[in-house]
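The structure appears right after this line, and notes come after that.
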Amino acid sequence: MPELPEVETVVHDLTAAGLVGATITAARILWAPTIASPRADRFRRDLRGRRIVRLARRGKFILMELSGPATLLIHLRMTGRLQIDTPDGPSAPRRFDRVTWQLDDGRMLRFADPRKFGRIWLVPRPEPLFARLGPEPLEISTRSFREKLAARSRALKPLLLDQSFLAGIGNIYADEALWTAHLHPLRKSDSLSPAEASRLRTAIQAVLRRGIRNLGTSLGSGQTHFRLPRGAHGRNREHLQAYGQTGRPCSRCQTPITRIRVAQRSTHVCPRCQPLHPPRYRE
DNA sequence: AAGTGTCCCTGCGAGC
DNA sequence: TGCTCGCAGGGACACT
């Protein structure tokens, strides 16, 4: 499930593959609802002949800045994958391809997405799409983070998943950050002491940075798990401490990790390290 | 404002 | 082996 570290990894891998500088010679749409805007015929027409100028990330969005200028925005949602083929690779669409782009260097870029939740936009300016996105979690200051927590009275888990609060965190890294910070997912955001708030920010940044360093978290098997554009796997799964660890001993206290449901999402918590009602403030 | 439920989708693992 | 069933979940939206 691509979150900030996976999206960052995709952008890095596309850049390393030398995508910047290539020109799109044709776009093919195999599942029309993937294109959020503009309409399919215009999407194809407007892309032809544009050069890829820069690749970037904002929240969970991949930004492909094009000559013109224009920006191609890609959101992978659950199972979206960008794949870059070598020039001698097969050019026929594969089973889960939703959009493909032919490049002038002979390569093909594919957007594959088994569950069809991913979306792509071609826009003159990306900013309007970011109007409701919160700040980047790797850039927010301690002070600003504390103030934002105190300004709300929401459970921590749904708040971390809310992209208008912070942009880029999903279910895996939310659970990892809360475990790392010793905080229960149902703690209210305005109940945190300054030390706890600071600890949470540090934990968020640590788990995201570790995810990036490990090239993202690849889960499960088959078509639905995360891969880099050139086919490599992320190796962050082996570093997970809470997510998907139900029944396994917490690496800090050996208490089995339990799975609860919070805001319709499976949530993994150490019942001992992450008490809902802490006896008193520590540190 | 916060929380819940529903929808979109389909591969996959579990159970029979 | 082959079937059915329920789970996985990001984000938009309706509703309480």
Could you tell me how far apart [X] ([atom1]) and [N] ([atom2]) are, to the nearest whole angstrom?
X	N	atom1	atom2	value
Phe165(A)	dG3(B)	CZ	P	13 Å
Arg132(A)	dA12(C)	CZ	C1'	8 Å
Leu133(A)	dA12(C)	CG	C1'	14 Å
Asp175(A)	dG10(C)	CG	P	10 Å
Leu161(A)	dG11(C)	CG	P	9 Å
Arg119(A)	dC7(B)	CZ	P	17 Å
Leu4(A)	dG10(C)	CG	P	13 Å
Asp162(A)	dG9(C)	CG	C1'	16 Å

Report task. Using only heavy-atom distances, determine whether the side chains of Lys157(A) and Thr267(A) contain a donor-acceptor pair under 3.5 Å. Result -> yes
Query raised in the report: Between Asp113(A) and Thr79(A), do the side chains contain an N or O donor and an N or O acceptor separated by less than 3.5 Å?
Result: yes
Is the phosphate of [N] approached by [X] (side-chain N or O, under 4.0 Å from OP1 or OP2)?
X	N	value
Gln163(A)	dG11(C)	yes
Ser266(A)	dG9(C)	yes
Lys60(A)	dG11(C)	yes
His75(A)	dG10(C)	no
Arg154(A)	dG3(B)	yes
Arg265(A)	dG10(C)	yes
Arg152(A)	dA2(B)	yes

Measuring from the side chain of [X] (C-beta onward, heavy atoms only), which nucleotide among [options] has the closest atom?
X	options	answer
Met78(A)	dG11(B), dT6(B), dG10(C)	dG10(C)
Lys188(A)	dG9(C), dG10(C), dG3(B)	dG3(B)
Lys116(A)	dG11(B), dG10(C), dT10(B)	dT10(B)
Asn171(A)	dG5(B), dG10(C), dT10(B)	dG10(C)

Query raised in the report: Hey, is Phe117(A) doing a stacking thing with dG10(C), by the 5.5 Å centroid and 30° angle criteria?
Result: yes
**Report entry** Any donor-acceptor N/O pair, Ser144(A) side chain to Ile140(A) backbone, under 3.5 Å
**Finding:** no
Query raised in the report: Sub-3.5 Å donor-acceptor pair from the side chain of Gln274(A) to the main-chain atoms of His184(A), do we have one?
Result: no
Classify [X] by what it touches in the nucleic acid, base, sugar-phosphate, or nothing, heavy-atom distance under 4.0 Å.
X	value
Phe61(A)	nothing
Tyr243(A)	sugar-phosphate
Arg77(A)	base
Arg261(A)	sugar-phosphate

Report summary line: Heavy-atom nearest nucleotide on DNA chain B taken for Ser153(A) and for Gln264(A); more 5' hit belongs to Ser153(A)
Requested in this report: Find which nucleotide of DNA chain B each of Pro33(A) and Ala151(A) is nearest to by heavy atoms, and output the residue with the more 5' nucleotide.
Outcome: Ala151(A)
Report task. Answer yes or no: does atom CZ of Arg143(A) have more than 12 heavy-atom neighbours from other residues, nucleotides or ligands under 6.0 Å? Result -> no
Query raised in the report: Does Arg107(A) make a cation-pi contact with Trp101(A) (under 6.0 Å, within 45 degrees of the axis)?
Result: no
